[in-house]
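Values reported hereafter were calculated over all heavy atoms of this structure, with side chains retained and with hydrogens, waters and symmetry mates removed.
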Amino acid sequence: TIFISHASRGGGAAVIGGAVSFVECLFANNHLRNSSSSTTYGGGLYLEGGTHRIEHSVFSANGTVSSSLANARGDGLHVGGATTVVTAFNNLFNGNMRDAVHVENGALEIDYATFVTHGRYGVRRLNGTLAVANSIFWQCADPTNGTMTINNCLVDVDPLFERGLNLSSDSPAIDAGGDTATSVGLDQRGTTKDGAADSGTADLGYHFNRGAFSYADDLIRFDPLLAN
């Protein structure tokens, strides 16, 4: 699924309440617009209220067109609303203009994600709770901003990507996860250029789909503008 649009809140999609699962989705090249006095939220995806899950998805090259970029919050993903509960598993945030993820309020748990190349924050929390585990932060101006829980993550340590965002064989992210690949359902996906599925101790960060066709995975894997 691809979302490409122009809006002031939720450039790709906006969900208010309810319960939605986003699986194998691509949020790419969405652009929010604001004036110097207004704030934009969620260039790729905006969630407010409800209980939601995001997995095996890609947020890439989303941003804000504005005379005041300081008012842009969450170019990739924005979570707001005190009752919002979001679980994010195995997602890639790549090359969003300023922020990958912004938590205004609510609760967000992120596991096995890769955050790479963001002009301001990898993840930011203002209110609510934010926990990130088994993830990679690389080439983000400020990987984390605000009080949050960071557990077993590679932060500002070169993950040694090769051929796009695949992990090289000597990457410090290899076999560094806190779970086995099988126990968290990543044993049919992989992180290396040889296409091998992850096994044993899981690798850190985003795992590409090595089985059925995934447009989101293949776009990032083969498009040099999105992969770098």
Provide the closest heavy-atom pair for [X] versus [Y] in the form atom of the first, atom of the second, distance.
X	Y	answer
N127	E104	CB-O, 3.1 Å
M97	G63	CB-CA, 3.8 Å
G119	A141	O-CB, 3.2 Å
V116	Q139	CG2-OE1, 4.3 Å
V23	S57	C-OG, 4.0 Å
A100	G122	CB-O, 3.0 Å

Would you find a donor on one side and an acceptor on the other, under 3.5 Å apart, between the side chain of [X] and the backbone of [Y]?
X	Y	value
S168	L160	yes
D156	P143	no
D198	G190	no
H207	G205	yes
N134	G178	yes

ILVMFWY cluster membership beyond V184 - transitive side-chain contacts under 4.5 angstrom
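Hydrophobic cluster check, V184: joined to F89, Y112, L186.
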Within the structure provided, determine whether [X] and [Y] are in side-chain contact (heavy-atom separation under 4.5 Å).
X	Y	result
I110	L130	yes
L45	I54	yes
F137	L154	no
N94	V58	no
T114	F161	yes
E48	N105	no
D158	W138	yes

Output, in order, the C-alpha distance, side-chain angles, deciding distance and verdict of side chain to side chain contact (heavy atoms under 4.5 Å, CB included) for T149 and T129.
CA-CA 8 Å; T149 300; T129 62; over 6 Å; no
Roughly how far, to the nearest 0.5 Å, is the [atom2] atom of [Y] from the [atom1] atom of [X]?
X	Y	atom1	atom2	answer
T84	I16	OG1	CD1	8.5 Å
R189	N90	CZ	CG	5.0 Å
F115	T144	CZ	OG1	10.5 Å
N91	D111	CG	CG	10.0 Å
N62	R98	CG	CZ	14.5 Å
I136	L204	CD1	CG	5.5 Å

Please say yes or no: joined through hydrophobic side-chain contacts below 4.5 Å, possibly via intermediate residues, are [X] and [Y] part of one cluster?
X	Y	answer
L108	I150	yes
V157	Y206	yes
F22	V123	yes
V85	L47	no
L32	Y121	no

Count the heavy atoms of every other residue, nucleotide or ligand shown that sit under 6.0 Å from CD of E109, and state whether that count exceeds 12.
no
Exactly one of V79, V103, V101 should register a side chain to side chain contact (heavy atoms under 4.5 Å, CB included) with V86. Which one does?
V79
So, R120 and D99, do they make that salt bridge, N to O below 4.0 Å?
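Yes.
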Taking only residues two or more places apart in sequence, or in another chain, which ones meet H118 in a ring-ring contact (aromatic ring centres under 6.0 Å, His included)?
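With sequence neighbours excluded, H118 shows a ring-ring contact (aromatic ring centres under 6.0 Å, His included) to no residue whatsoever.
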Derivation and outcome, side chain to side chain contact (heavy atoms under 4.5 Å, CB included), residues I174 and T192
CA-CA 9 Å; I174 296 289; T192 55; 4.0 Å; yes
